[in-house]
There are 2 protein chains.
Amino acid sequence: MQNSEALGLTAALLAVAGELTQRIHDGVVARGFEGRPAYGFAFTRLAPDGATVTELARHLGVTKQGASQLVEELVAKGYVERRPHPRDARARLVVLTERGWACTRAAEEVAAEVVEGWSGALGGEAEVRALREQLARIAPYGPIRPAW
Amino acid sequence: MQNSEALGLTAALLAVAGELTQRIHDGVVARGFEGRPAYGFAFTRLAPDGATVTELARHLGVTKQGASQLVEELVAKGYVERRPHPRDARARLVVLTERGWACTRAAEEVAAEVVEGWSGALGGEAEVRALREQLARIAPYGPIRPAW
DNA sequence: AGAAGATGGTCAAGCAGCTTGACTATACCT
DNA sequence: AGGTATAGTCAAGCTGCTTGACCATCTTCT
(Lines give C-alpha, C1' and ligand atoms only; values in the text may rest on other atoms or scores of the structure.)
Protein backbone atom coordinates (compact mmCIF):
# COMPACT_ATOMS: atom_id res chain seq x y z
CA MET A 1 0.00 0.00 0.00
CA GLN A 2 1.52 3.26 -1.09
CA ASN A 3 0.93 6.26 1.11
CA SER A 4 -0.31 8.31 -1.81
CA GLU A 5 -3.02 5.73 -2.41
CA ALA A 6 -4.27 6.23 1.12
CA LEU A 7 -4.21 9.99 0.77
CA GLY A 8 -6.14 9.84 -2.48
CA LEU A 9 -8.78 7.71 -0.81
CA THR A 10 -8.90 10.11 2.12
CA ALA A 11 -9.35 13.12 -0.13
CA ALA A 12 -12.06 11.46 -2.18
CA LEU A 13 -13.91 10.28 0.90
CA LEU A 14 -13.92 13.71 2.53
CA ALA A 15 -14.88 15.44 -0.68
CA VAL A 16 -17.83 13.11 -1.23
CA ALA A 17 -18.98 13.30 2.39
CA GLY A 18 -18.76 17.08 2.40
CA GLU A 19 -20.59 17.38 -0.90
CA LEU A 20 -23.34 15.05 0.26
CA THR A 21 -23.88 16.89 3.53
CA GLN A 22 -23.90 20.24 1.78
CA ARG A 23 -26.39 19.16 -0.84
CA ILE A 24 -28.73 17.56 1.65
CA HIS A 25 -28.62 20.72 3.72
CA ASP A 26 -29.26 22.96 0.72
CA GLY A 27 -32.10 20.77 -0.47
CA VAL A 28 -33.79 20.70 2.91
CA VAL A 29 -33.50 24.48 3.19
CA ALA A 30 -34.93 24.84 -0.32
CA ARG A 31 -37.97 22.88 0.85
CA GLY A 32 -38.66 25.40 3.55
CA PHE A 33 -36.91 23.97 6.59
CA GLU A 34 -34.39 26.24 8.25
CA GLY A 35 -31.53 24.76 10.17
CA ARG A 36 -27.99 23.49 10.04
CA PRO A 37 -26.56 20.07 9.30
CA ALA A 38 -26.34 19.20 13.01
CA TYR A 39 -30.13 19.02 13.06
CA GLY A 40 -30.05 16.07 10.71
CA PHE A 41 -27.51 14.21 12.82
CA ALA A 42 -29.76 14.73 15.82
CA PHE A 43 -32.88 13.57 13.99
CA THR A 44 -31.29 10.23 13.14
CA ARG A 45 -31.05 9.56 16.88
CA LEU A 46 -34.42 11.03 17.87
CA ALA A 47 -36.29 8.89 15.34
CA PRO A 48 -38.25 6.79 15.80
CA ASP A 49 -38.97 6.77 19.54
CA GLY A 50 -37.15 9.80 20.90
CA ALA A 51 -34.13 9.96 23.15
CA THR A 52 -32.92 11.73 26.25
CA VAL A 53 -30.52 14.64 26.10
CA THR A 54 -27.73 12.49 27.47
CA GLU A 55 -28.26 9.82 24.81
CA LEU A 56 -28.30 12.48 22.14
CA ALA A 57 -25.08 13.96 23.51
CA ARG A 58 -23.31 10.62 23.25
CA HIS A 59 -24.63 10.11 19.73
CA LEU A 60 -23.33 13.49 18.60
CA GLY A 61 -20.07 13.31 20.50
CA VAL A 62 -20.67 16.52 22.45
CA THR A 63 -21.31 17.35 26.10
CA LYS A 64 -24.83 17.07 27.45
CA GLN A 65 -24.88 20.87 27.84
CA GLY A 66 -24.13 21.22 24.15
CA ALA A 67 -26.84 18.73 23.28
CA SER A 68 -29.26 20.51 25.58
CA GLN A 69 -28.68 23.80 23.78
CA LEU A 70 -29.25 22.11 20.44
CA VAL A 71 -32.52 20.65 21.73
CA GLU A 72 -33.53 24.10 22.92
CA GLU A 73 -33.01 25.39 19.37
CA LEU A 74 -35.00 22.51 17.91
CA VAL A 75 -37.86 23.14 20.33
CA ALA A 76 -37.88 26.85 19.45
CA LYS A 77 -38.15 26.00 15.76
CA GLY A 78 -40.87 23.44 16.32
CA TYR A 79 -39.01 20.29 15.25
CA VAL A 80 -39.09 18.48 18.60
CA GLU A 81 -40.76 18.66 21.97
CA ARG A 82 -39.73 17.61 25.47
CA ARG A 83 -41.95 15.14 27.24
CA PRO A 84 -41.73 13.59 30.67
CA HIS A 85 -39.83 10.33 30.59
CA PRO A 86 -42.18 7.41 31.31
CA ARG A 87 -39.80 5.63 33.67
CA ASP A 88 -37.37 8.22 35.00
CA ALA A 89 -38.60 11.42 36.59
CA ARG A 90 -35.16 13.02 36.22
CA ALA A 91 -35.07 12.54 32.48
CA ARG A 92 -37.09 14.10 29.68
CA LEU A 93 -37.78 12.36 26.42
CA VAL A 94 -37.09 14.48 23.34
CA VAL A 95 -39.37 13.43 20.48
CA LEU A 96 -39.90 14.67 16.93
CA THR A 97 -43.00 16.73 16.20
CA GLU A 98 -44.93 16.34 12.97
CA ARG A 99 -42.83 19.12 11.51
CA GLY A 100 -39.71 17.28 12.64
CA TRP A 101 -40.89 14.19 10.79
CA ALA A 102 -41.63 16.26 7.70
CA CYS A 103 -38.10 17.64 7.79
CA THR A 104 -36.69 14.13 8.13
CA ARG A 105 -38.71 12.93 5.14
CA ALA A 106 -37.49 15.92 3.14
CA ALA A 107 -33.89 15.02 3.97
CA GLU A 108 -34.51 11.46 2.82
CA GLU A 109 -35.92 12.68 -0.46
CA VAL A 110 -32.97 14.96 -1.11
CA ALA A 111 -30.47 12.24 -0.18
CA ALA A 112 -32.22 9.89 -2.58
CA GLU A 113 -31.96 12.47 -5.36
CA VAL A 114 -28.26 13.00 -4.81
CA VAL A 115 -27.56 9.30 -4.68
CA GLU A 116 -29.67 8.87 -7.78
CA GLY A 117 -27.23 11.16 -9.54
CA TRP A 118 -24.37 8.95 -8.44
CA SER A 119 -25.93 5.97 -10.20
CA GLY A 120 -25.09 7.62 -13.48
CA ALA A 121 -21.46 8.24 -12.58
CA LEU A 122 -21.00 4.74 -11.20
CA GLY A 123 -22.85 2.84 -13.93
CA GLY A 124 -26.04 1.82 -12.14
CA GLU A 125 -27.88 1.25 -8.91
CA ALA A 126 -26.16 -2.05 -8.31
CA GLU A 127 -22.86 -0.18 -8.03
CA VAL A 128 -24.40 2.23 -5.55
CA ARG A 129 -25.58 -0.66 -3.40
CA ALA A 130 -22.14 -2.23 -3.60
CA LEU A 131 -20.58 1.04 -2.51
CA ARG A 132 -22.91 1.27 0.45
CA GLU A 133 -22.14 -2.28 1.48
CA GLN A 134 -18.41 -1.72 1.29
CA LEU A 135 -18.65 1.43 3.35
CA ALA A 136 -20.88 -0.29 5.88
CA ARG A 137 -18.20 -2.93 6.35
CA ILE A 138 -15.59 -0.41 7.40
CA ALA A 139 -17.91 2.00 9.21
CA PRO A 140 -17.36 2.22 12.96
CA TYR A 141 -20.07 2.37 15.57
CA GLY A 142 -19.73 5.34 17.92
CA PRO A 143 -20.79 8.94 17.32
CA ILE A 144 -22.06 9.92 13.88
CA ARG A 145 -21.14 13.55 14.22
CA PRO A 146 -17.91 14.25 12.34
CA ALA A 147 -15.36 15.44 14.83
CA TRP A 148 -13.72 18.21 12.87
CA MET B 1 -34.05 3.73 -5.30
CA GLN B 2 -35.57 3.62 -1.87
CA ASN B 3 -34.99 6.60 0.38
CA SER B 4 -33.74 4.39 3.17
CA GLU B 5 -31.03 3.10 0.86
CA ALA B 6 -29.79 6.65 0.37
CA LEU B 7 -29.87 7.36 4.08
CA GLY B 8 -27.93 4.21 4.85
CA LEU B 9 -25.29 5.25 2.35
CA THR B 10 -25.19 8.73 3.83
CA ALA B 11 -24.75 7.41 7.35
CA ALA B 12 -22.02 4.98 6.34
CA LEU B 13 -20.18 7.63 4.35
CA LEU B 14 -20.20 10.16 7.18
CA ALA B 15 -19.23 7.56 9.76
CA VAL B 16 -16.26 6.40 7.68
CA ALA B 17 -15.14 9.94 6.88
CA GLY B 18 -15.39 10.99 10.52
CA GLU B 19 -13.53 7.91 11.71
CA LEU B 20 -10.77 8.40 9.18
CA THR B 21 -10.26 12.06 10.06
CA GLN B 22 -10.27 11.29 13.75
CA ARG B 23 -7.76 8.49 13.46
CA ILE B 24 -5.41 10.47 11.25
CA HIS B 25 -5.57 13.32 13.72
CA ASP B 26 -4.94 11.06 16.70
CA GLY B 27 -2.06 9.33 14.96
CA VAL B 28 -0.39 12.58 13.98
CA VAL B 29 -0.72 13.88 17.53
CA ALA B 30 0.72 10.61 18.85
CA ARG B 31 3.77 11.22 16.67
CA GLY B 32 4.42 14.51 18.37
CA PHE B 33 2.65 17.02 16.16
CA GLU B 34 0.12 19.23 17.86
CA GLY B 35 -2.74 20.65 15.86
CA ARG B 36 -6.26 20.15 14.67
CA PRO B 37 -7.65 18.49 11.56
CA ALA B 38 -7.89 21.81 9.70
CA TYR B 39 -4.11 21.83 9.54
CA GLY B 40 -4.14 18.76 7.36
CA PHE B 41 -6.67 20.25 4.97
CA ALA B 42 -4.45 23.30 4.67
CA PHE B 43 -1.30 21.25 4.09
CA THR B 44 -2.83 19.50 1.11
CA ARG B 45 -3.09 22.90 -0.57
CA LEU B 46 0.25 24.29 0.59
CA ALA B 47 2.16 21.30 -0.74
CA PRO B 48 4.15 21.16 -2.88
CA ASP B 49 4.85 24.76 -3.90
CA GLY B 50 2.99 26.89 -1.39
CA ALA B 51 -0.06 29.06 -1.91
CA THR B 52 -1.32 32.51 -1.08
CA VAL B 53 -3.76 33.17 1.72
CA THR B 54 -6.55 33.83 -0.76
CA GLU B 55 -5.94 30.55 -2.58
CA LEU B 56 -5.92 28.72 0.73
CA ALA B 57 -9.17 30.41 1.75
CA ARG B 58 -10.88 29.20 -1.42
CA HIS B 59 -9.53 25.69 -0.91
CA LEU B 60 -10.86 25.54 2.64
CA GLY B 61 -14.14 27.28 1.90
CA VAL B 62 -13.59 30.05 4.46
CA THR B 63 -13.00 33.79 4.23
CA LYS B 64 -9.50 35.05 3.62
CA GLN B 65 -9.50 36.48 7.14
CA GLY B 66 -10.22 33.03 8.51
CA ALA B 67 -7.46 31.52 6.39
CA SER B 68 -5.09 34.27 7.49
CA GLN B 69 -5.70 33.43 11.15
CA LEU B 70 -5.07 29.77 10.46
CA VAL B 71 -1.79 30.64 8.73
CA GLU B 72 -0.84 32.74 11.75
CA GLU B 73 -1.35 29.69 13.93
CA LEU B 74 0.69 27.51 11.60
CA VAL B 75 3.52 30.04 11.58
CA ALA B 76 3.49 30.23 15.38
CA LYS B 77 3.79 26.44 15.58
CA GLY B 78 6.56 26.29 13.01
CA TYR B 79 4.75 24.39 10.26
CA VAL B 80 4.83 27.11 7.60
CA GLU B 81 6.49 30.41 6.84
CA ARG B 82 5.43 33.45 4.88
CA ARG B 83 7.65 34.50 2.03
CA PRO B 84 7.42 37.36 -0.42
CA HIS B 85 5.58 36.36 -3.55
CA PRO B 86 7.96 36.26 -6.54
CA ARG B 87 5.59 38.03 -8.93
CA ASP B 88 3.11 39.99 -6.85
CA ALA B 89 4.28 42.41 -4.18
CA ARG B 90 0.82 42.45 -2.60
CA ALA B 91 0.77 38.72 -2.02
CA ARG B 92 2.80 36.51 0.28
CA LEU B 93 3.55 32.90 -0.47
CA VAL B 94 2.85 30.53 2.42
CA VAL B 95 5.17 27.51 2.22
CA LEU B 96 5.70 24.44 4.40
CA THR B 97 8.78 24.34 6.61
CA GLU B 98 10.74 21.15 7.13
CA ARG B 99 8.60 20.48 10.20
CA GLY B 100 5.51 21.04 8.08
CA TRP B 101 6.73 18.43 5.64
CA ALA B 102 7.48 16.03 8.47
CA CYS B 103 3.92 16.46 9.74
CA THR B 104 2.56 15.82 6.26
CA ARG B 105 4.60 12.64 5.94
CA ALA B 106 3.35 11.51 9.36
CA ALA B 107 -0.24 12.03 8.22
CA GLU B 108 0.42 9.96 5.12
CA GLU B 109 1.82 7.15 7.20
CA VAL B 110 -1.15 7.13 9.54
CA ALA B 111 -3.62 7.26 6.66
CA ALA B 112 -1.85 4.33 5.07
CA GLU B 113 -2.11 2.36 8.31
CA VAL B 114 -5.82 3.00 8.64
CA VAL B 115 -6.50 2.09 5.04
CA GLU B 116 -4.38 -0.99 5.49
CA GLY B 117 -6.82 -2.07 8.17
CA TRP B 118 -9.67 -1.65 5.72
CA SER B 119 -8.07 -4.14 3.37
CA GLY B 120 -8.93 -6.86 5.85
CA ALA B 121 -12.57 -5.82 6.18
CA LEU B 122 -12.99 -5.47 2.42
CA GLY B 123 -11.13 -8.59 1.38
CA GLY B 124 -7.94 -7.16 -0.08
CA GLU B 125 -6.11 -4.21 -1.52
CA ALA B 126 -7.82 -4.55 -4.87
CA GLU B 127 -11.13 -3.79 -3.17
CA VAL B 128 -9.61 -0.72 -1.53
CA ARG B 129 -8.43 0.54 -4.89
CA ALA B 130 -11.86 -0.11 -6.36
CA LEU B 131 -13.45 1.84 -3.54
CA ARG B 132 -11.12 4.76 -4.12
CA GLU B 133 -11.88 4.77 -7.83
CA GLN B 134 -15.60 4.72 -7.27
CA LEU B 135 -15.40 7.58 -4.79
CA ALA B 136 -13.17 9.53 -7.14
CA ARG B 137 -15.83 9.25 -9.81
CA ILE B 138 -18.46 10.94 -7.70
CA ALA B 139 -16.16 13.36 -5.85
CA PRO B 140 -16.72 17.00 -6.69
CA TYR B 141 -14.02 19.58 -7.23
CA GLY B 142 -14.38 22.64 -4.99
CA PRO B 143 -13.33 23.02 -1.36
CA ILE B 144 -12.07 19.99 0.54
CA ARG B 145 -13.02 21.31 3.93
CA PRO B 146 -16.26 19.71 5.07
CA ALA B 147 -18.80 22.43 5.54
CA TRP B 148 -20.47 21.31 8.72
C1' DA C 1 1.29 58.61 -17.99
C1' DG C 2 -2.62 59.00 -14.95
C1' DA C 3 -7.02 57.74 -13.07
C1' DA C 4 -10.22 54.15 -11.55
C1' DG C 5 -11.32 49.93 -10.18
C1' DA C 6 -9.96 45.10 -8.82
C1' DT C 7 -7.36 42.18 -5.86
C1' DG C 8 -4.16 40.47 -1.74
C1' DG C 9 -3.67 40.99 2.95
C1' DT C 10 -4.40 42.54 7.72
C1' DC C 11 -6.67 44.70 11.93
C1' DA C 12 -10.65 44.97 14.76
C1' DA C 13 -15.02 43.70 16.55
C1' DG C 14 -18.82 40.48 16.87
C1' DC C 15 -21.04 36.08 17.09
C1' DA C 16 -22.31 30.98 17.09
C1' DG C 17 -21.56 26.83 19.05
C1' DC C 18 -19.23 24.58 21.86
C1' DT C 19 -16.74 23.90 26.55
C1' DT C 20 -15.97 23.69 31.84
C1' DG C 21 -17.88 24.45 36.38
C1' DA C 22 -21.54 24.59 39.67
C1' DC C 23 -25.90 23.25 41.06
C1' DT C 24 -30.69 20.76 41.82
C1' DA C 25 -33.69 16.76 41.48
C1' DT C 26 -34.25 12.01 41.14
C1' DA C 27 -32.63 7.18 40.94
C1' DC C 28 -30.00 3.33 42.62
C1' DC C 29 -27.31 0.69 45.99
C1' DT C 30 -26.20 -1.03 50.76
C1' DA D 1 -32.24 6.14 55.86
C1' DG D 2 -27.83 7.58 53.87
C1' DG D 3 -24.40 7.88 50.22
C1' DT D 4 -23.31 7.93 45.56
C1' DA D 5 -24.35 8.08 40.65
C1' DT D 6 -27.04 10.04 36.97
C1' DA D 7 -30.34 13.48 34.15
C1' DG D 8 -30.74 18.02 33.31
C1' DT D 9 -30.08 23.07 33.49
C1' DC D 10 -27.88 27.75 34.35
C1' DA D 11 -23.95 30.60 33.84
C1' DA D 12 -19.57 32.01 32.16
C1' DG D 13 -15.80 31.54 29.03
C1' DC D 14 -13.29 30.28 24.87
C1' DT D 15 -12.28 29.11 19.93
C1' DG D 16 -12.77 29.65 15.30
C1' DC D 17 -15.10 31.67 12.31
C1' DT D 18 -17.66 35.95 10.34
C1' DT D 19 -18.48 40.92 8.69
C1' DG D 20 -16.66 45.55 8.09
C1' DA D 21 -13.02 48.77 7.36
C1' DC D 22 -8.78 49.78 5.67
C1' DC D 23 -4.10 50.07 3.01
C1' DA D 24 -0.87 48.49 -0.65
C1' DT D 25 -0.32 46.90 -5.09
C1' DC D 26 -1.80 45.24 -9.58
C1' DT D 27 -4.51 45.85 -13.84
C1' DT D 28 -7.23 48.14 -17.13
C1' DC D 29 -8.99 52.02 -19.59
C1' DT D 30 -8.46 56.50 -21.67
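Convention: sequence-line order gives letters A, B, ...; per-chain numbering from 1.
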Handout entry: Spacing between A:Q65 atom CD and D:dA7 atom P, to the nearest angstrom
Key = 13 Å
Problem - Atom pair distance, as rounded to whole Å: OH in B:Y39 and P in D:dC17 - result: 10 Å
Practice task
Starting from B:V95, walk the hydrophobic network (Ile, Leu, Val, Met, Phe, Trp, Tyr; side-chain heavy atoms closer than 4.5 Å) and list everyone else you reach, by chain and number.
Solution key: B:L93
Handout entry: Minimum side-chain heavy-atom gap A:R36-A:V29 below 4.5 Å
Key = no
Practice task
State whether the side chain of A:H59 and the backbone N or O of A:F41 hold a donor-acceptor pair below 3.5 Å, judged by distance alone.
Solution key: yes
Exercise for the section: Compare all side-chain heavy atoms of B:L13 with those of A:V16 and state whether any distance is below 4.5 angstrom. Expected result: yes
Completion exercise
Terminal axes of the helix from C:dA1-D:dT30 to C:dT30-D:dA1 (5 end pairs apiece), angle rounded to 10 degrees, sit apart by 30°
Practice task
Check whether any side-chain N or O of A:H25 sits under 3.5 Å from a backbone N or O of A:G35 as a donor-acceptor pair, and report yes or no.
Solution key: yes
Pairs: protein N or O with nucleotides 2-4 of chain D N or O, under 3.5 Å:
none

Exercise for the section: Take the protein atom CZ of A:R92 and the nucleotide atom P of C:dA27, then report the distance between them rounded to whole Å. Expected result: 14 Å
Exercise for the section: Check DNA chain D against residues 67-90 of chain A and give the residues with a non-hydrogen atom under 4.0 Å, in numerical order. Expected result: A:S68, A:R82, A:R90
Problem - B:S68 (side chain) donor-acceptor with B:K64 (main chain) under 3.5 angstrom - result: no
Exercise for the section: For A:L56 and D:dT9, give me the distance from atom CG to atom P, rounded to whole Å. Expected result: 11 Å
Exercise for the section: To the nearest Å, give me how far apart NZ (A:K64) and P (C:dC23) are. Expected result: 15 Å
Completion exercise
With the side chain defined as heavy atoms from C-beta on, A:T54 is closest, among D:dA7, D:dT9, D:dC17, to D:dA7
Exercise for the section: Say whether, by atom type as modelled, one donor and one acceptor occur between the side chain of A:Q134 and the main chain of A:L131 under 3.5 angstrom. Expected result: no
Exercise for the section: Report, as yes or no, whether the 6.0 Å neighbourhood of atom CZ on A:R31 holds more than 12 heavy atoms from other residues, nucleotides or ligands. Expected result: yes
Practice task
Please lay out, stage by stage, how B:R132 and B:R137 fare under the test side-chain contact (heavy atoms from CB on, under 4.5 Å).
Solution key: CA-CA 9 Å; B:R132 194 202 57 159; B:R137 260 187 244 169; over 6 Å; no
Exercise for the section: Name all residues meeting the side chain to side chain contact (heavy atoms under 4.5 Å, CB included) criterion together with A:R99; count only those two or more places apart in sequence or in a different chain, and write none if there are none. Expected result: A:F33, A:Y79, A:T97
Problem - Sequence-distant partners of B:E98, salt bridge (Lys or Arg N to Asp or Glu O under 4.0 Å), two or more places apart - result: B:R105
Practice task
Check every strand shown and say whether B:T63 touches a base, only sugar-phosphate, or nothing at a heavy-atom separation below 4.0 Å.
Solution key: base
